[in-house]
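So that the names make sense, note that chain A is the first sequence line, chain B the second, and so on, each numbered from 1.
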Amino acid sequence: MVKQEASLYFSRELLAWYRRGNRDLPWRRNKDPYRIWVSEIMLQQTRVETVIPYYERFMAQFPTVQALADAPEEEVLKCWEGLGYYSRARNLQAGARMVVQLYGGIIPDDKEAVAGLKGVGPYTAGAIMSIAFNRPEPAVDGNVMRVLSRFFCLEDDIAKPKTRVGIEKLAASLIPEGAAGDFNQALMELGALVCTPKSPSCLPCPVMEHCEARLQGRELELPVKTKAKPPRPEYRLAAIVRGSGANEGKILVRQRPESGLLAQMWELPHVLAGDAAGDWYREDAPKERAELAEAITRALEDEAGLLIRPTGWLADEEHVFSHIHWHMRVYEADLGEGRADAQNIMAAEAGAGYETDAARSAYRWIGREDMDKLPFPNLFLRILGQYWKR
DNA sequence: AAAGCGGGGCT
DNA sequence: AGCCCAGCTTT
C-alpha cells in the first residue's frame, strides 16, 4: 500500500471510529469558542479526569469572556489552585482581556488573531480553530505525535521542536474535507484511549491493519523521545509563625513574586538550606536539629527582617516539580522579642506589602478561614491542612 | 535549541 | 522510580 493510500485509509477509518462513539466530556456539549478555549488551556500537560472538576467550577464562576476579564486575578488563581502551571491561568485571563479590548468580547474566527492571544501556542490555536470553527488547521499534541509516529513509523525525536513542525504538516494533510474538528479530536482520542504510551491496545485499534509500527512489531519502540533531566534537589526550611495579641490564632504567610516559580501564589515563609542531603540533619541528632532551627531563624531575619523563635518540628514534606525536588522541613515558631524595627512584621500587621533587598514580599496574618480566599500551591495546602487539623 | 514551569496517575 | 500527560514562554 503506497503512502497516499494509507493516508486516505487512516483518515477515513479514524473519523468513522470517532463518530461511532466518543467520550461525553463537559467541553463537548457545544462549540462555544470560549468553552473550547478554557478546556484546551486546562488540558495542557494535564489529564482529562483531573481537568473535569476544575473545568465545571471554572465555567460556573467565569461563564463568559467578559466575566473572566472582569474578575480579580486572585479569584482566577484560587479557582486554578492545585491544577498547576499557574501562568496558564494568568495568561488565560490576559487573553480574555485582549478579546474584550480588541474584539469586543467575541473570539474571532481568525487563525492569526487567536494565535496572538496570551498563552495560545501552535497546538491550542489549531485546536480552537478546528474544534470551535471547523477550520482545517492541525492540532498536534503529544497524543498526535505518538499516533502518527507509530502509524507512519516516523523515527524523529518528538522532543525536538522541529519534529512537531514536520508532524503538523503531515497532520494537516490528513484532515478530511469539512471534518477538521472531529478528525483532530479523533486523533487525540485514539492516543488517549487506544494508542497509549506504555501498552497500546492494538487489537481494537481502528487503523491497526495498516499501522507501520505494528506491522514491523515496533509499536513499543515508537515514538522516539529523549528523556528529561531529573529534578535537582533543594533542601528548604519553612516556619509556621503563630501570631499573638491581635493576631492570636493566626499565622504568617507571604505572596510569591509576580514571575517565576509559583508566581503570585501564597506560601509559608521558607529559606533554601542547601542542595545536598549532607545539608540536612538526622532525626537522632539533637545538636544538628538545634543548628537547623538557628539557621532558619538567621535566614528569615536577614531576608525578611523577621525574628522568630522556633518551638518545635512539625512536618517533613516532599514536593516534586518538573525541574526541582523540594525537601521541606517545617517548624512551628513564635515571634521573637526585641525587634521593634522589624518592618515586615509591622507591614504584615498593617496588611501591607514590604520591599526586601532580595525580592518583593507581601506578608499577611491569616486565620484558617482566610485560606479559602488566597491561592496556595498544593505543598502548602497539605502542610496548613495538617497544622489546623491537629 | 534548551530550560523554566505543577501536579497527579500509571507501570 | 521513572515516565507521561489535549504545551507555552523565555532565554
Quiz prompt | Selected nucleotide, minimal atom distance to A:Tyr123 side chain, candidates C:dC8, B:dA1, B:dG7 | solution = C:dC8
Exercise. For B:dC5 and C:dA6, measure between their P atoms and round to the nearest Å.
Key: 23 Å
Quiz item: For A:Val48, which contact category applies under a 4.0 Å heavy-atom criterion: base, sugar-phosphate, or nothing?
Solution: base
Quiz prompt | P spacing across the pair C:dT10 / B:dG6, given as an integer number of angstrom | solution = 14 Å
Exercise. Classify the ring geometry between A:His325 and A:His327 as parallel (under 30°), tilted (30 to 60°) or perpendicular (over 60°).
Key: parallel
Exercise. Compare the minimum distances between each of B:dG6, C:dA6, C:dT10 and the side chain of A:Lys118, then state the nucleotide with the smallest one.
Key: C:dT10
Quiz item: Does A:Asn378 put a side-chain nitrogen or oxygen below 4.0 Å from OP1 or OP2 of B:dG8?
Solution: yes
Quiz item: So, do A:Trp326 and A:Phe321 have ring centers that fall under 6.0 Å from each other?
Solution: yes
Quiz item: Looking at B:dG6, does its base get a donor-acceptor pair with the side chain of A:Ser322 below 3.5 Å?
Solution: yes
Practice problem: Rounded off to whole Å, could you give me the CG-to-P distance for the A:Leu262 and B:dC5 pair? | Solution: 9 Å
Practice problem: With heavy atoms under 4.0 Å as the rule, sort A:Pro122 into base, sugar-phosphate or nothing. | Solution: sugar-phosphate
Quiz item: Taking only side-chain nitrogens and oxygens of A:His319, does any of them come within less than 4.0 Å of OP1 or OP2 of B:dG6?
Solution: no
Exercise. May I ask you to decide if A:Ala299's main-chain N or O and A:Asp302's side chain share a donor-acceptor pair within less than 3.5 Å?
Key: no
Quiz prompt | Any A:Gln44 side-chain nitrogen or oxygen under 4.0 Å from OP1 or OP2 of C:dG7 | solution = no
Quiz item: Whole Å only: how far is the CZ atom of A:Arg47 from the P atom of B:dT11?
Solution: 10 Å
Quiz item: Can you check whether A:Arg146 has a side-chain N or O nearer than 4.0 Å to OP1 or OP2 of C:dC5?
Solution: yes
Quiz item: Using a cut-off of less than 4.0 Å, is there contact between a side-chain N or O of A:Thr124 and OP1 or OP2 of C:dA6?
Solution: no
Quiz item: Okay, side chain of A:Lys78, backbone of A:Leu374: is any donor-acceptor separation there less than 3.5 Å?
Solution: yes
Self-check item: Length of the line joining A:Met265:CE and B:dC5:P, which is rounded to integer Å
Solution: 14 Å
Practice problem: Check whether the ring centres of A:Phe58 and A:Phe62 lie less than 6.0 Å apart, and answer yes or no. | Solution: yes
Quiz item: Roughly, in whole Å, what's the span from CG in A:Leu187 to P in C:dA6?
Solution: 13 Å
Quiz item: Roughly, in whole Å, what's the span from CZ in A:Arg256 to P in B:dG6?
Solution: 8 Å
Practice problem: Round to a whole Å and report the spacing from CD of A:Glu258 to P of B:dG4. | Solution: 21 Å
Quiz item: Which part of the nucleic acid does A:Trp326 contact within heavy-atom distance under 4.0 Å: base, sugar-phosphate only, or nothing?
Solution: nothing
Quiz item: Starting at the 5' end of DNA chain B, which residue's closest nucleotide do you reach first, A:Arg88 or A:Lys162?
Solution: A:Lys162
Exercise. Mark yes or no for a side-chain to base donor-acceptor pair under 3.5 Å between A:Thr46 and B:dG6, with no hydrogen or angle criteria applied.
Key: yes
Practice problem: Could you check how far CZ of A:Arg164 sits from C1' of B:dA2, rounded to whole Å? | Solution: 15 Å
Practice problem: Describe the nucleic acid contact of A:Leu25 in one word from base, sugar-phosphate, nothing, applying a heavy-atom distance below 4.0 Å. | Solution: base
Self-check item: Member of A:Glu74, A:Gln264, A:Gln255 meeting the side-chain contact (heavy atoms from CB on, under 4.5 Å) criterion with A:Pro375
Solution: A:Glu74
Quiz item: Between A:Arg28 and A:Asn91, who's closer to the 5' end of DNA chain C by nearest nucleotide?
Solution: A:Arg28
Exercise. Could you check if a side-chain atom of A:Met42 sits within less than 4.5 angstrom of a side-chain atom of A:Trp27, using non-hydrogen atoms only?
Key: no
Quiz item: Closer than 4.0 Å, any side-chain N/O of A:His323 to the OP1 or OP2 of B:dG4?
Solution: no
Exercise. Would you mind classifying the nucleic acid contact of A:Gly191 as base, sugar-phosphate or nothing, using non-hydrogen atoms under 4.0 angstrom?
Key: nothing
Self-check item: Interatomic distance, A:Glu49 CD vs B:dC10 C1' [rounded to whole Å]
Solution: 11 Å
Practice problem: Respond yes when some side-chain nitrogen or oxygen of A:Tyr86 is under 4.0 Å from OP1 or OP2 of B:dG7, and no when none is. | Solution: yes
